[in-house]
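Some notes on the structure that comes next.
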There are 2 protein chains.
Amino acid sequence: METTDAIDAFAALAQPTRLEAFRRLVRAGPEGLPAGTVARALETPANTMSTHLAILERSGLVTSRREGRLVYYAASFDRVRDLVGFLIEDCCAGNPDMCDAITGIAATARCC
Amino acid sequence: METTDAIDAFAALAQPTRLEAFRRLVRAGPEGLPAGTVARALETPANTMSTHLAILERSGLVTSRREGRLVYYAASFDRVRDLVGFLIEDCCAGNPDMCDAITGIAATARCC
DNA sequence: TCAATATTTCCAGTATCGTCGAAGTATGGA
DNA sequence: TCCATACTTCGACGATACTGGAAATATTGA
């Protein structure tokens with residue numbers, strides 16, 4: 001991952017509506033959710049949400065696919081992994097006991 | 001972690017100078033680096049870097065301590081863990097095989 | 001007490017971003 | 001072909017952010 005990619009991803013998440021939308025997509029899993037469903041859930045006008053989802057997609061954090069007249073957006077877990085990896089790259093440089101804090105991510109996220 | 005805390009943290013990382021500064025602090029480990037060292041490494045004026053480090057500190061991503069006339073800044077690994085945990089919270093909702101992507105974070109980061 | 005070093009705060013100019021009304025595009029059904 | 005639904009793009013206003021010169025603060029040593 002390049003620095004500019006990481007900047008785009010963090011900027012995408014640094015906005016309340018987009019962060020909340022992304023977290024909903026994370027919880028929705030791989031199938032994702034239609035744009036309209038996200039917009040209604042967050043009580044945001046469709047065009048505003050469309051702009052936000054487009055920004056999330058350009059950042060690589062979500063993907064989209066059309067099904068009939070619905071456009072489904074889904075979180076990209078691979079991208080999240082790469083982003084976090086980029087952020088903490090070489091954090092312990094061969095010093096395993098230094099990063100206990102990091103290994104607890106899954107537990108903190110109630111993940112897996 | 002509250003949504004506003006996460007917004008502040010992502011906003012702090014969504015800026016090239018700050019992101020690079022933070023990554024240097026991550027590699028520097030728990031001791032951290034003096035403000036001036038970071039400023040010179042990134043070829044950024046001291047006052048500009050001071051502003052950026054203050055933003056990182058307010059976001060909780062770094063901590064600071066004074067040692068003589070030097071102010072050391074250090075990355076907060078706990079905060080990173082909480083931030084990532086917040087982002088992917090409930091990503092697999094009892095579906096362990098769904099989040100293979102996440103479990104590879106440590107490997108991606110060459111961590112531990 | 002004075003000077004040098006390290007860092008922070010103040011301030012203002014420029015640029016970028018979030019929002020949403022209005023108009024445009026795409027899909028499916030009648 | 002026409003209409004309704006779903007979503008996106010355009011455009012412009014107001015708000016917020018990045019930068020760095022200048023001045024202020026903190027620490028150490030002479």
Side-chain angles (χ1 to χ4, degrees), chain A residues 3-25 28 31-76, chain B residues 3-25 28 31-76:
Chain A
T3 294
T4 57
D5 296 329
I7 293 290
D8 288 346
F10 287 128
L13 295 171
Q15 204 283 332
T17 305
R18 284 196 298 266
L19 178 58
E20 213 40 59
F22 182 75
R23 301 218 309 148
R24 297 239 173 192
L25 295 179
E31 319 87 55
L33 296 170
T37 301
V38 180
R40 277 186 298 278
L42 273 61
E43 297 179 49
T44 301
N47 62 345
T48 301
M49 184 55 72
S50 177
T51 301
H52 285 313
L53 290 172
I55 289 171
L56 282 169
E57 184 171 32
R58 268 201 300 280
S59 77
L61 286 168
V62 310
T63 56
S64 70
R65 69 178 192 286
R66 182 178 274 279
E67 285 193 16
R69 22 185 147 180
L70 302 181
V71 176
Y72 279 78
Y73 285 87
S76 168
Chain B
T3 294
T4 57
D5 297 328
I7 294 291
D8 289 345
F10 287 128
L13 296 171
Q15 204 283 328
T17 305
R18 286 197 297 267
L19 178 58
E20 213 40 58
F22 181 75
R23 300 218 309 150
R24 297 239 173 189
L25 295 178
E31 319 86 54
L33 296 171
T37 300
V38 180
R40 278 186 297 278
L42 274 60
E43 298 179 48
T44 301
N47 61 346
T48 301
M49 183 55 73
S50 178
T51 301
H52 285 313
L53 290 172
I55 290 171
L56 282 168
E57 184 171 31
R58 268 201 299 281
S59 78
L61 287 168
V62 311
T63 57
S64 70
R65 68 180 194 284
R66 183 177 273 278
E67 285 191 16
R69 25 186 147 181
L70 303 181
V71 176
Y72 278 78
Y73 285 87
S76 168

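Lettering of chains follows the sequences in order, A, B, ..., and the numbering in each one begins at 1.
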Closest contact, heavy atoms only, [X] versus [Y]:
X: E57(A); Y: T63(A); result: OE2-C, 4.1 Å
X: A21(B); Y: L56(B); result: CB-CD1, 4.5 Å
X: V62(B); Y: L53(B); result: CG2-O, 4.1 Å

Contact between T3(B) and E20(A) at the side-chain level, heavy atoms closer than 4.5 Å - yes or no?
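T3(B) reaches E20(A) side chain to side chain.
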Going by heavy atoms in the side chains, are L61(B) and F22(B) under 4.5 Å from each other?
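Yes - at least one pair of side-chain heavy atoms lies under 4.5 Å apart.
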Give the rounded distance in Å between these two atoms: [atom1] of [X] and [atom2] of [N].
X: F10(A); N: dA17(D); atom1: CZ; atom2: P; value: 18 Å
X: I7(B); N: dA17(D); atom1: CD1; atom2: C1'; value: 15 Å
X: L70(B); N: dT27(D); atom1: CG; atom2: P; value: 12 Å
X: M49(B); N: dT9(C); atom1: CE; atom2: P; value: 15 Å
X: L56(A); N: dC17(C); atom1: CG; atom2: P; value: 14 Å
X: Y72(A); N: dA6(D); atom1: OH; atom2: P; value: 12 Å
X: R65(B); N: dT27(D); atom1: CZ; atom2: P; value: 15 Å
X: L42(A); N: dC20(C); atom1: CG; atom2: P; value: 12 Å

Nucleotide nearest [X] when distance is taken to its side chain, options [options]:
X: R69(A); options: dT27(C), dT8(D), dG21(D); value: dT27(C)
X: Q15(A); options: dT19(C), dG20(D), dC18(D); value: dT19(C)
X: R18(A); options: dT7(C), dG18(C), dC7(D); value: dG18(C)
X: N47(B); options: dT8(C), dT19(C), dG18(C); value: dT8(C)
X: T51(B); options: dC20(C), dC18(D), dT19(D); value: dT19(D)

Please determine whether a side-chain nitrogen or oxygen atom of [X] lies at a distance below 4.0 Å from atom OP1 or OP2 of [N].
X: Y73(B); N: dT8(C); result: yes
X: R66(B); N: dT7(C); result: no
X: T48(A); N: dC20(C); result: yes
X: H52(B); N: dT19(D); result: yes

Any base atoms under 4.0 Å from A46(B), or only sugar-phosphate, or nothing? Heavy atoms, all strands.
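A46(B): base contact, heavy atoms under 4.0 Å.
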Does R40(B) reach a base, just sugar-phosphate, or nothing at all? Heavy atoms under 4.0 Å.
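No contact.
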Heavy-atom nearest nucleotide on DNA chain C for E67(A) versus T44(A): which residue maps closer to 5'?
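Nearest-nucleotide comparison on DNA chain C picks T44(A).
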